[in-house]
Protein chains: 2
Amino acid sequence: MGIADRKEREKLEMKRLIMEASMRMFLEVGYEKTSIRNIAEKIEYSPATIYLYYKDKDELLYDLQAQAFEQLFETFKEKATGRSPMKKLEQIAKAYVQFGLEKPDLYDLMFIIRSPMKKLEKEDGTDAWDNGDNCFNFLLDIIQQGIDQKLLRFKDKLVAALSIWSMVHGLVSLHVRCRMKVMNMEEDGVINAIDTTIDEYLKMIKI
Amino acid sequence: MGIADRKEREKLEMKRLIMEASMRMFLEVGYEKTSIRNIAEKIEYSPATIYLYYKDKDELLYDLQAQAFEQLFETFKEKATGRSPMKKLEQIAKAYVQFGLEKPDLYDLMFIIRSPMKKLEKEDGTDAWDNGDNCFNFLLDIIQQGIDQKLLRFKDKLVAALSIWSMVHGLVSLHVRCRMKVMNMEEDGVINAIDTTIDEYLKMIKI
DNA sequence: AAACTTAATGAACAGTGTTCAGTAATCCAA
DNA sequence: TTGGATTACTGAACACTGTTCATTAAGTTT
């Protein structure tokens, strides 16, 4: 049926339109001001229309999150050019932090905000969170190489991933949420301290 | 003037009443359901009344945050009983993580949520964030001892603090925000991995 | 052309933080 | 003790938010 096909295409086209407007809004005015009503106004549809394509706002944000992870994944592939696993690790660690600091609102969506994870909070097990898979597996792969080549202190792959991820996420999220104010430093000093902290950490996890 | 004094006392008493209701509400039903209206209903006053004692919700949350940090500070002092700085470091690191996992809503307020830090986002410099001072200085003190006694790898006190803090905050915040779902483990396994990660990290920062 | 199906919406609901005019209670001087 | 000033409090409103649903408009099928 050609008509059904066209309808299908139109449906996808509409979703794309919504996603595009949401992403632009996210990057331009931030998460807090990206409301269903604002998105609807941007694409010149009624707010109710959005609910014909997304069950609720969380579902929309979930899709948006997937796109954000796609962006991060691309960045990873771009930056991880080094030969040794340790070099690659350094490159993606720094890429991660840079991404977080440059696109704080996307970072929010991916790693901080409650929103698109609400269904997953009560581990019902039916469906897991798979948005971050790309990026996480990319990290795991490099770690595996590091362990295989006996360059990494860690024995357990997952513990290694958790350690590295927690460190960089800790740095980014404390910074974007202004908690580093407690250190009473100027902005430059803080950025410097973050860089040094990463370097020190990367030195420590080497054998 | 005795009357002015009494008025002052009554004003403070009212603030205390509001804070108590807010804290109870925070712990019982969480941040998301702690609205000005709900608090007002709990203390049997009009919502508008709260605005006679707090300029806005952020100011209220700021006070609440201060109380939360007081709680964490007490926990630190309680748990840091070890003799060596490294033992104390381990004790407060684990106390921090335990606090975060047991009281996720308070942890939110202290380290994750944007809310009470909004004024500080555009570093106007007029007033800094001093709620976390107690806890941060407690950490700095132990680190200083560790460096003095040449037990810690770090040279810079602040870098050390940032590294340790970022690690534990990373672990807690990724967990309370369900991002560890990406690892596809059961809850027990995750908690286990967190513990191991802390242990591994503490080993690494020792000389 | 009539009947059926689908897409879109206006209006409403329940919730949020916040403001402000107006009321009620208290205090102080005459 | 009474009248006027001060203070404490609140109801109602405003401008938002996400979400639902009956109704309208458009497109498709018979």
Side-chain angles (χ1 to χ4, degrees), chain A residues 1-19 21-22 25-26 29-65 105 108-109 113-119, chain B residues 1-19 21-22 25-26 29-65 105 108-109 113-119:
Chain A
M1 289 294 281
I3 289 174
D5 285 0
R6 199 204 65 208
K7 288 263 162 115
E8 191 66 26
R9 278 204 315 276
E10 281 177 357
K11 194 133 194 161
L12 284 176
E13 182 58 25
M14 189 64 168
K15 273 202 162 191
R16 208 187 53 83
L17 188 67
I18 296 172
M19 286 306 300
S22 307
M25 203 154 239
F26 234 82
V29 301
Y31 161 69
E32 308 237 311
K33 284 177 182 169
T34 306
S35 66
I36 296 286
R37 279 178 165 85
N38 285 347
I39 296 168
E41 197 179 358
K42 204 84 159 188
I43 61 175
E44 294 176 299
Y45 277 90
S46 150
T49 304
I50 292 179
Y51 286 87
L52 299 176
Y53 300 91
Y54 289 98
K55 168 173 145 281
D56 53 24
K57 198 186 178 184
D58 268 27
E59 204 174 285
L60 193 158
L61 290 180
Y62 195 85
D63 264 23
L64 209 59
Q65 194 192 49
D105 284 284
D108 252 35
L109 188 60
I113 281 173
R114 269 221 165 75
S115 260
M117 321 288 293
K118 273 179 185 158
K119 304 151 209 161
Chain B
M1 288 297 281
I3 289 173
D5 284 0
R6 200 205 64 208
K7 289 264 162 110
E8 191 65 24
R9 277 203 315 276
E10 281 176 358
K11 194 130 194 165
L12 285 176
E13 180 59 24
M14 188 66 167
K15 274 202 162 190
R16 207 186 54 82
L17 188 68
I18 296 171
M19 287 305 302
S22 308
M25 203 154 240
F26 233 82
V29 301
Y31 162 68
E32 309 236 311
K33 285 177 181 168
T34 305
S35 67
I36 296 285
R37 279 177 164 86
N38 284 347
I39 297 168
E41 197 179 359
K42 204 84 159 186
I43 60 175
E44 294 177 298
Y45 277 89
S46 151
T49 303
I50 290 178
Y51 286 86
L52 300 176
Y53 299 91
Y54 288 98
K55 168 173 146 281
D56 54 24
K57 198 186 180 185
D58 268 26
E59 205 175 284
L60 193 157
L61 290 179
Y62 196 86
D63 263 24
L64 209 59
Q65 194 192 50
D105 284 284
D108 251 36
L109 187 61
I113 282 173
R114 270 220 165 77
S115 260
M117 323 286 294
K118 273 179 185 158
K119 304 151 210 163

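Naming convention: chains lettered A, B, ... in sequence-line order (proteins, then strands); numbering from 1 in each chain.
- Look at CE on A:M14: it is 17 Å from P on C:dT6, rounded to the nearest Å.
- At D:dC9, one or more side-chain N or O atoms of B:Y53 fall inside 4.0 Å of OP1 or OP2 (strictly under the cut-off).
- In this view, B:E13 and B:R16 satisfy the salt bridge (charged side-chain N to carboxylate O under 4.0 Å, His left out) rule, not counting sequence neighbours.
- Residue pairs meeting the salt bridge (Lys or Arg N to Asp or Glu O under 4.0 Å) criterion with at least one member in residues 35-62 of chain A, sequence neighbours excluded, do not occur.
- Partners of B:D108 under the salt bridge (charged side-chain N to carboxylate O under 4.0 Å, His left out) rule, at least two apart in sequence or in another chain, are A:R114, B:R177.
- The minimum heavy-atom distance linking A:D105 with A:G30 is given by the pair OD1-CA, 3.4 Å.
- Residues passing the side chain to side chain donor-acceptor pair (under 3.5 Å) test with B:Y45: none are found, sequence neighbours excluded.
- Distance B:E41 CD to D:dG11 P: 12 Å, rounded to the nearest Å.
- Going from atom CD1 of A:I43 over to atom C1' of C:dA7 covers 13 Å, rounded to whole Å.
- Not one side-chain nitrogen or oxygen of B:T49 sits closer than 4.0 Å to the OP1 or OP2 atom of D:dC9.
- In this structure, A:I39 places its CD1 atom 11 Å from C1' of D:dG18, rounding to the nearest Å.
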Tell me, for nucleotides 14-21 of chain C in 5' to 3' order, what letter each nucleotide earns: B for a base near a protein heavy atom under 4.0 Å, S for only sugar-phosphate near one, - for neither?
-> --BBBBB-
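- Applying the side chain to side chain contact (heavy atoms under 4.5 Å, CB included) rule to B:Y51 yields the partners B:I36; only residues at least two apart in sequence or on another chain are considered.
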